[in-house]
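What follows is a single structure, written as structure tokens, with notes after it.
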Number of protein chains: 2
Amino acid sequence: MNLKNKITNKLQSSKLRPTKQRKKIAEFLFNREKTFHFTAEELNKIINKKDSSEKISLATIYNTIDAFKKAGHLKEILTNNNKSFYDTNVSSHHHFFDIETNELEDINYNDIKVVNLPHAPKGKKIQDVEVTLTVKKS
Amino acid sequence: MNLKNKITNKLQSSKLRPTKQRKKIAEFLFNREKTFHFTAEELNKIINKKDSSEKISLATIYNTIDAFKKAGHLKEILTNNNKSFYDTNVSSHHHFFDIETNELEDINYNDIKVVNLPHAPKGKKIQDVEVTLTVKKS
DNA sequence: AAATAGTTTATAATGATTCTAAAGTAATAG
DNA sequence: CTATTACTTTAGAATCATTATAAACTATTT
Ligand SMILES: [Mn+2]
Ligand SMILES: [Mn+2]
Ligand SMILES: [Zn+2]
Ligand SMILES: [Zn+2]
């Protein structure tokens, strides 16, 4: 199956209509080897670079990120920044976070071991375990 | 030494003039046993409750949080929320973060062990190690 | 082909935070 | 002390990220 069909399938099986806009964004986000970390504004800039024949509105960028997140294709990341960061790697994994440049870098889940996990507060359950290694210029 | 003097000292030794506003905020934030996690808006509401004889402007709330953070008396916390959270516990420690209610709860540093820390990317050094256990209603 | 349900868009609205510049206060110098 | 200086507070405006609105558009179903 070719890329276009794969993307269309992915959208349809998430009950998202494969519109021109969603296909373009999905193709950009999900057709890659390495994890991509981004903000809505960054994605907007990249998708709507000069050449791009047809522009996608900022509202659609936000809507699409939200739809992809709800469908489980994107994950929101914890940072101390006041804009939201998203991650194309939706499996459990860890990060380096450069507090000076706001850059994120993946750490494989198995490269860090977290032992002695405490119990969740009563009435709650643990949903995810994230380790963030805050880094800065040395 | 009494509380007022302790607070004044803390401010002066951080090169912050002990103004009425800073003393009131510092007394509220730092005179407690348990860690306090808050946003600027929450702190503003609490400090400026009905009775409070003299109001402190929202700008000053923001300025003061910033000054205290720079002085190392407050720490900013990583969340996926688009408002900043601050922590009166400035030592290294971990958190439960309820993604439904945005509530934070401390986990003692020694209650979790993180083993096999990877090296920081070249040119960078690890500044902090934070584990966040995302939780939700079970 | 028509009806429908869902989507995109420009634009307005909101919410959090930062900026501005004038008035006020703490620290310092005389 | 008193005057000078440096820093701080404040109301309000400005900015930035995000969400809401509602009309035009498009994919899907009938
Ligand atoms: Mn954040
Ligand atoms: Mn955040
Ligand atoms: Zn990642
Ligand atoms: Zn804490």
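Within every chain, numbering begins at 1; the chains are lettered A, B, ... in the order of the sequence lines, protein sequences first and strands thereafter.
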When you check the gap from the basic side-chain N to the acidic O, do [X] and [Y] get nearer than 4.0 Å?
X	Y	answer
A:D128	A:K75	yes
A:D98	A:K137	no
A:E27	A:K4	yes
A:K83	A:E41	no

### Query
Is B:V90 close to B:H73 at the side-chain level, that is, under 4.5 Å between some pair of heavy atoms?
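Side chain of B:H73 against side chain of B:V90, heavy atoms only: no contact under 4.5 Å found.
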### Message
What I'd like to find out is whether the side chain of B:F38 reaches to under 4.5 Å of the side chain of B:L74, using heavy atoms alone.
### Response
yes
### Query
NA contact type, A:T39, heavy-atom cut-off 4.0 Å: base, sugar-phosphate, or nothing?
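Counting heavy atoms under 4.0 Å across all strands, no contact is made by A:T39.
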### Message
By the 4.0 Å heavy-atom rule, please label B:T19 as base, sugar-phosphate, or nothing.
### Response
sugar-phosphate
### Query
What are the 5'-most and 3'-most nucleotides of DNA chain C lying under 4.0 Å from any heavy atom of chain B?
C:dA16 to C:dA27
### Ring centroid separation B:Y86 to B:H37 under 6.0 Å
no
### Query
Quick one: hydrophobic cluster around B:V131, which other residues, with the 4.5 Å side-chain cut-off, linked directly or via members?
A:F96, A:I107, A:I112, A:V114, A:L117, A:I126, A:V129, A:V131, A:L133, A:V135, B:F96, B:I107, B:I112, B:V114, B:L117, B:I126, B:V129, B:L133, B:V135
Under 3.5 Å, which donor-acceptor pairs link side chains of residues 64-72 of chain B to any protein atom two or more places apart or in another chain?
| unit_1 | atom_1 | unit_2 | atom_2 | d |
| --- | --- | --- | --- | --- |
| B:T64 | OG1 | B:T60 | O | 2.7 |
| B:D66 | OD2 | B:K70 | NZ | 2.9 |
| B:K69 | NZ | B:E76 | OE1 | 2.7 |

## Note on the structure
Ordered by number, residues from residues 20-29 of chain A within less than 4.0 Å of DNA chain C (heavy atoms) are A:Q21, A:R22
### Overall bend - the helix from C:dA1-D:dT30 to C:dG30-D:dC1, comparing terminal axes fitted on five pairs, nearest 10 degrees
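Both end axes considered, the difference amounts to 20°.
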### Query
Which one of B:T79, B:I77, B:L78 satisfies the side-chain contact (heavy atoms from CB on, under 4.5 Å) criterion with B:H95?
B:I77
### Message
Pick the closest DNA chain C nucleotide for B:R17 and for A:I61 by heavy atoms, then say which residue is nearer the 5' end.
### Response
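This one resolves to A:I61.
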### Message
Just verifying a value: how many Å separate A:L11 CG and A:K15 NZ, rounded to the nearest 0.5 Å?
### Response
13.0 Å
### Query
Atom CG in B:N89, atom NE2 in B:H94: separation rounded to 0.5 Å?
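Between atom CG of B:N89 and atom NE2 of B:H94 there are 11.0 Å.
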### Leading and trailing nucleotides of DNA chain D with any atom under 4.0 Å from heavy atoms of chain A
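The contacted stretch runs from D:dA17 to D:dT28.
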#### Entry: Geometric cation-pi criterion B:R32 and B:F30, 6.0 Å radius, 45° cone
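Relative to the ring axis of B:F30, which defines the angle, B:R32 lies outside at least one limit.
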